[in-house]
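Take a look at the structure set out below.
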Amino acid sequence: VHRIAVSHLAIETLTLDQGVAGQAMVLSPKIEALAVLHGNVAGFELTGSSKAKGQPDFVPRMLHIKGTLAADKAALTLDDLLVQAGGYTVTGKGSANGARDGALALTFHVQSDDLQTIDGGAGAGTARASVKLGGTGGDPVLDIDATAHLDDLAAKGLGDVAVPAHADHL
């Protein structure tokens, strides 16, 4: 049994060029990572946060991901995914077996309570989406259920914009 543990990982300063984030930014992130390897199975957990003056709302302020990776089976288990930014939150969990006949069961949720914080040119409103990846590695199935409430449309008496989508045999 091999064991590898990283109890602390620190990045003092991270500079992003304008091409990465739309504007040059200097961040002082706080990152903590833990990786434990037992035989062919690696458990991992990563938590990070960032706050910088002038940081756009679409840049994540908090990230947490926890799961396991079984190298011999090419299998991933995602116990928890959380990404929080000024304009949105993403959560997720599930499992994926990389084998052609391996099962896929991943679910992600995206929520924005103020679309203007993501893109200042967008109209005011809210949005949510659920994305599910199922099926198998050789025959994946994707289901998306998204809804947006746009204040400009509502003021004209129009309802929410719903975008359901289904794709199989990808």
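For clarity, every value in this text was computed on a predicted model and none was experimentally measured. Note: hydrogens, waters and symmetry copies are ignored here, and every other heavy atom, side chains too, is used.
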Between [X] and [Y], is there shared hydrophobic-cluster membership here, with clusters defined by ILVMFWY side-chain heavy atoms closer than 4.5 Å?
X	Y	value
Val83	Leu46	yes
Leu81	Val110	yes
Val41	Ile65	no
Leu82	Leu76	no
Met62	Tyr88	no

Exercise: identify the closest heavy-atom pair between [X] and [Y]:
X	Y	value
Phe44	Thr68	CE2-N, 3.6 Å
Asp72	Asn40	CB-ND2, 3.6 Å
Ser95	Leu106	N-CD2, 3.6 Å
Ala154	His149	CB-CE1, 3.7 Å
Ala96	Leu104	CB-CD2, 3.7 Å

Listed pairs under 3.5 Å, donor-acceptor, residues 133-147 side chains, sequence neighbours left out:
unit_1: Thr136; atom_1: OG1; unit_2: Asp139; atom_2: N; d: 3.1
unit_1: Asp139; atom_1: OD1; unit_2: His169; atom_2: N; d: 3.3
unit_1: Asp139; atom_1: OD1; unit_2: His169; atom_2: ND1; d: 3.0
unit_1: Asp143; atom_1: OD1; unit_2: His166; atom_2: ND1; d: 2.5
unit_1: Thr147; atom_1: OG1; unit_2: Arg128; atom_2: NH2; d: 3.4

Note to self: If we check side-chain contact (heavy atoms from CB on, under 4.5 Å) with Gln84, which of these qualifies: Val90, Thr91, Thr89?
What the structure shows: Thr89
Notebook entry, point to check: Quick one: side-chain contact (heavy atoms from CB on, under 4.5 Å) partners of Asp113, sequence neighbours excluded?
Noted result: Gln111
Note to self: According to side chain to side chain donor-acceptor pair (under 3.5 Å), who are the partners of Thr47, at least two apart in sequence or on a separate chain?
What the structure shows: His64
Next item on the list: Would you indicate whether the side-chain heavy atoms of Leu150 and Leu115 approach each other to under 4.5 Å?
Entry: yes
